[in-house]
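What follows is a short report on a single structure.
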Amino acid sequence: MSSTATSPTPAPRKAFRSTDERLLGGVAAGLALHLGVDVVYVRAAFLLATALGGFGAAAYAGLWLILPTDTHLEQSTPGLEAASRQGKRRSGRPRRLEDVGLLVAFGAVALGVAVLGQTVFGGSVVFWPILLGVIGLAVLWRQADEAQRERWVDSTGRIDLVRAVVGRGGTASWARLAVGVGLLLSALVLFALQTGTSGQLGVARDVVVAGVLGVAGLALMVGPWLFRLTGDLSEERAARVRSQERADMAAHLHDSVLQTLALIQKHASDGRTVATLARAQERDLRSWLYGETPPPDTSMASALKAAAAEVEDGHGVPVEVVTVGDAPVTERLRPLVLAAKEAMVNAAKHSGADQVDVFAECAGAQVEVFVRDRGRGFDEATVPEDRLGVRNSIVDRMRRHGGTAAIRTAPGEGTEVRLAMATTPTGGTPTAPSTRTEETA
Amino acid sequence: MTRRSVVVVDDHAMFRTGVKAELGAHPDAVEVLGEAADVDQAVEAVTRLRPEVVLLDVHLPGGGGAEVMRRVGLRQPETRFLALSVSDAAEDVIGTIRAGARGYVTKTITGPELVDAIDRVATGDAVFSPRLAGFVLDAFAGSIEVAQVDEDLDRLTEREREVMRLIARGYAYKEVASELFISIKTVETHVSSVLRKLQLSSRHELTRWASDRRLL
């Protein structure tokens, strides 16, 4: 759940178009995220470059063409995806009024600069046609871009051109398509009329230019998916592999749920067994639906959860694990996991508590784990020498590996074991006072 | 303990029945006024019945529990929401709190604990489970993306952080109080203040919050 704090091997950074923060195509937002600057500056830069000769618009269009969209497919879990699809939760950030305000402001500035340019450098006959044409193309392009996220393939498995442009259809899509085409056409007509009246030569030029623009418009309508087809194909392939994995997993889970239900029926009279079975099944389903758990040998949080699951199954006592931050499980930290597990086993076995709470915090150079129960507790002095659990497995193990362990307990007060270990040998000594045990009043 | 009026909102009929049965075992503490299975029904039921507490599922057809809170929201400030969910996804939990819930508990909570949580929420306190406390620590450490956290809201005070850590370690409010040598009331104040920091995301909202309370 909190695996983003320190990932062991950072993947190479790639720029994406942001689908969450976008005003137009998400290029500026994606770029801002990639460069680590505020998105307003990126947008202003694009605008400035557009005002100074149109380069910004060209760059924006180019990046829109090239950059792939960020896919949330990998981040999301099946349970959340399903809930989003069924409209049971809102996904993404809701569009806020201030976003629209920003868009309007940028638009106004752009229009102002354009009009200023036109008045200062003399009116150009092509200005309004170009403006209309650009808006038309933008509408068309954005439309095609949304459609890109749909499956372009019809029921026979072939790419459907209409679906590629209009997506799943709907009046809004068609209306936007019509508006785009209409603007494009009127731009052409306007252009032809203006140049046509200004001289004989214009007529011939009209035909050529109109033809070129028409073809360009057509290419732009169909263009986006053609250009991105290669990138999307590999993504599709990856998605297919994932969905197959999920199908396998679903089959596996259904089997395991059926097994569990059968077992529960068989043990219906034994409340404890039923509870343990239900709990184990819940954990299984939960981790699949909502968990994004990296394998236990790479992540401290996962390792502790795996240990807790084992203790739960072995002793029939629920172990709740809460983690903050995460760290890779290095050779150095492995004893900490083992000691924590031993503490969980002790709590589950001897305390008589009906629940064990585990809290782990990986912050800075230190990892701290607390294992707590509200059970009967014990008097440290009266623990016989032969009960080696606490002394050997926990306190000595931690000390041997340069960590600390402190046990707080008293008869009737429950027990809390605090384990701390620096993540690196030079990472400073953990802040625990010492390995001595202290008693609560 | 005063008798609290409750509306149960969940799209699983079986779960609603279960909760009602569980709450029915405490007739002197909780009265279930009604139930709802989706956002529209929930908004209708909550505005008509005006319960003190709404037990609200996070995932709900029609836009989720957050949508219910958004639509009932300011019209009925005396109604408080307690989120009840199987989803342990951090963004859902934090999102629900930010949408206005006074607390978050998982569906495996026991009957008496639920009754206690309802009473706590009804009196205006916040209900933080260990898991929620963990998410909060994560959120304020920057691991979970909380959209647009303001610099001055970004920080939990050292004391608030301590309280959150103890709750995450499984301490009850009473135990937190004795551990830190403060009163339970002070613990509740700290938790409520953390809740507020979670909910107020932008300066604009903070201003509104402050002016609502005549602090400006």
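Quick note: numbers below take in every heavy atom, side chains included, and nothing from hydrogens, waters or symmetry partners. In what follows, chains carry the letters A, B, and so on, assigned in the order in which the sequence lines appear, proteins first and then strands, with residues in each chain numbered from 1.
- Within 6.0 Å of CG in A:D354 there are 12 or fewer heavy atoms belonging to other residues, nucleotides or ligands.
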(request) Determine, stepwise, if the pair B:L137 / A:F359 fulfils side chain to side chain contact (heavy atoms under 4.5 Å, CB included). (result) CA-CA 12 Å; B:L137 286 169; A:F359 173 64; 3.9 Å; yes

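- Interface remark: B:D38 contributes no atoms to any contact with chain A (heavy atom separation under 4.5 Å).
- Using modelled atom types, one side-chain atom of A:R374 and one backbone atom of B:G170 make a donor-acceptor pair closer than 3.5 Å.
- Ion pairing of B:K107 with A:E282 is absent here, as no side-chain N (NZ or NE/NH1/NH2) approaches a carboxylate O to less than 4.0 Å.
- Proximity to chain B (any heavy atom under 4.5 Å) is restricted, for A:E361, to the side chain, taken from C-beta onward.
- Looking at residues two or more places apart in sequence or on another chain, you find a side-chain hydrogen bond (donor to acceptor under 3.5 Å, both in side chains) between A:T415 and A:T409.
- The pair B:R165-A:E368 meets the salt-bridge criterion, with a side-chain N (NZ, NE, NH1 or NH2) lying under 4.0 Å from an Asp/Glu carboxylate O.
- The shortest non-hydrogen separation linking B:R131 to A:V321 is NH2-O, 3.4 Å.
- Under the 4.0 Å criterion applied to side-chain N and carboxylate O atoms, B:E179 and A:R408 are assigned as salt-bridge partners.
- Judged as a salt bridge (Lys or Arg N to Asp or Glu O under 4.0 Å), and not counting sequence neighbours, B:R80 has no contacts.
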(message) What verdict does the salt bridge (charged side-chain N to carboxylate O under 4.0 Å, His left out) test give for B:R169 and A:E320, after you've listed the backbone C-alpha separation in whole Å, the side-chain angles of each residue and the deciding distance to 0.1 Å?
(response) CA-CA 10 Å; B:R169 273 157 69 179; A:E320 286 289 345; over 6 Å; no

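- Contact of B:V39 with chain A is not made at all, since no heavy-atom distance falls under 4.5 Å.
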